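First the structure, in the form of structure tokens, and then the observations on it.
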Amino acid sequence: GTEPSTPGISPGSTPGVSPARPRQLSRLTDVSQLIPELSSSGALVGTEGLLLQQLIEEKHHIVRAAWEVYEVDPNVEELMETLVHVVKLEKVRRGYVSGGAQGHETVSQLSAQAQAQAQEKAREAEVAARAQESATAQGMPAEFVRLLQ
């Protein structure tokens, strides 16, 4: 016999649950391409888009690290989240908004977390790249090498 199916629900889907993802962006070639997306989505407000552009031009170390991670592991959502955090932190650090003592503590903690996360992602990407290079050099089949990515 045939198994009963539920009309309107495809196998493997969860009824009533739709993924909340930002619109798909093609592979980015420059970090500043995200500024319009972040502004239109409301993630960056007011002059925050201009501040992000300034951080990019200043080659801010966390922005650079986040971009380097993206180049190895193109996760747009993670890149966008990191950029928004950096902008919010820089606004307080530069005195554009009042953070108070507690705010500065939070900024310091978030900055350390963002740096640690970027460093961890960079390490993971480096390990994966080395494993892939090693497997290719040892003549392993392309299918296996792709599994390492």
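Remember, it's a predicted structure, so these values are computed and weren't measured experimentally.
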Requested in this report: Return the set of residues passing side chain to side chain donor-acceptor pair (under 3.5 Å) with Glu81 (not counting sequence neighbours), or none when no residue passes.
Outcome: none
Report task. Could you pull out all residues at least two apart from Ala43 that satisfy side-chain contact (heavy atoms from CB on, under 4.5 Å)? Result -> Leu38, Ser41, Val84
Query raised in the report: So how far is it from Glu37 CD to Leu44 CG, rounded to the nearest 0.5 Å?
Result: 10.5 Å
Report task. Check whether any side-chain heavy atom of Met80 sits under 4.5 Å from a side-chain heavy atom of Val76, and report yes or no. Result -> yes
Query raised in the report: Who passes side-chain contact (heavy atoms from CB on, under 4.5 Å) against Val86, sequence neighbours left out?
Result: Leu55, His60, Ile62, Val63, Thr82, Glu90
Query raised in the report: Should Glu78 and Val69 count as side-chain neighbours, where that means a heavy-atom distance under 4.5 Å?
Result: yes
Query raised in the report: Of all residues at least two apart in sequence or in a different chain, which pass the salt bridge (charged side-chain N to carboxylate O under 4.0 Å, His left out) check with Glu58?
Result: Arg94
Query - Distance-minimising heavy-atom pair for Ser39 and Gly49 - result: OG-CA, 4.4 Å
Report task. Just jot down the side-chain contact (heavy atoms from CB on, under 4.5 Å) partners of Pro36, sequence neighbours excluded, or say none. Result -> none
Query raised in the report: Quick one: CD1 on Ile35 to CG on Leu51, what's the gap to the nearest 0.5 Å?
Result: 9.5 Å
Query - With sequence neighbours excluded, residues passing salt bridge (charged side-chain N to carboxylate O under 4.0 Å, His left out) with Glu68 - result: none
Query - Those residues that, when tested against Gln33, pass side-chain contact (heavy atoms from CB on, under 4.5 Å) (two or more places apart) - result: Leu28, Thr29, Asp30
Query raised in the report: Is Leu50 reachable from Tyr96 through a run of I, L, V, M, F, W or Y residues, each pair having side-chain heavy atoms under 4.5 Å apart?
Result: no
Query - Separation of Trp67 CH2 from Leu79 CG (nearest 0.5 Å) - result: 7.0 Å
